[in-house]
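Remarks on the structure that follows.
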Amino acid sequence: MTGGEVAGILVAVFWAILVSFLAVALVRLAQTLRATTKLVAEVTEQAVPLLADASQAVRSAQTQIDRVDAIATDVQEVTSNASALSTTVASTFGGPLVKVAAFGYGVRRAMSRTRADEAPEPERARRTVIVGRTVAAPKGRKRRRQKG
């Protein structure tokens, strides 16, 4: 056997080993691709109903938001109407009610003055509070205010 034949056999063996490694790598790659395809199919099967449910939930939330918006608009309108009504009532009845109250106060005060003139009130005794006890102040002396 010549050197060229030995070199040819070595190259052929090297190529056979290389092709074997590539074949094993391709088989493993094919298995990985099959597993990935299966996983993607399962995820798709589960994701489609979830997306449909999420879409329905978003639509329902939008409907509720529209309702709340309508309610808020109605509340705002009622608030403005109540404000206008209170302003109207205050301007319509406020002046006359104040006048009636002032008149009643004046009459009551006048009546109390006429009663006071008829029957004088007995003089009240002055009292002084000392350390939680009430003591009658001596007659004839003025009370002094304490500072502090």
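Source: prediction; values computed, not measured.
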Please determine whether side-chain contact (heavy atoms from CB on, under 4.5 Å) holds for the pair Gln76 and Thr79, giving the CA-CA distance in whole Å, both sets of side-chain angles, and the decisive distance to 0.1 Å. CA-CA 5 Å; Gln76 185 178 11; Thr79 303; 5.6 Å; no
Please assess Thr32 against Arg28 for the test side chain to side chain donor-acceptor pair (under 3.5 Å), listing each intermediate value before the final yes or no. CA-CA 6 Å; Thr32 304; Arg28 288 190 179 175; over 6 Å; no
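For the pair Thr92 (side chain) and Val89 (backbone), a donor-acceptor distance under 3.5 Å is absent. When atom types are taken as modelled, the side chain of Thr73 and the backbone of Asp69 share a donor-acceptor pair closer than 3.5 angstrom.
The distance from atom CD1 of Ile65 to atom OG of Ser60, rounded to the nearest 0.5 Å, is 10.0 Å. Here Leu51 contributes atom CG and Gln56 contributes atom CD; the two are 13.0 Å apart, rounded to the nearest 0.5 Å.
Val40 and Val48 end up in different hydrophobic clusters when Ile, Leu, Val, Met, Phe, Trp and Tyr side chains are linked at under 4.5 Å. In the hydrophobic clustering of this structure, Ile17 groups with Leu10; members are Ile, Leu, Val, Met, Phe, Trp, Tyr whose side-chain heavy atoms approach within less than 4.5 Å, directly or through other members. Hydrophobic clustering, with ILVMFWY side chains joined whenever heavy atoms are under 4.5 angstrom apart, groups Val6 together with Val13.
If you check the side chains of Ser112 and Arg108, you find no donor sitting under 3.5 Å from an acceptor.
Annotation for Gln64: atom CD counts as buried by contact number, over 12 foreign heavy atoms lying within 6.0 Å.
Across all their heavy atoms, Thr37 and Leu33 have their closest contact at OG1-O, 2.7 Å.
Its side chain within the 4.5 Å cluster rule, Leu18 clusters with Val11, Trp15, Leu22 among the Ile, Leu, Val, Met, Phe, Trp and Tyr residues. Within the hydrophobic cluster formed by Ile, Leu, Val, Met, Phe, Trp and Tyr side chains joined at under 4.5 Å, directly or through other members, Leu39 is accompanied by Val43.
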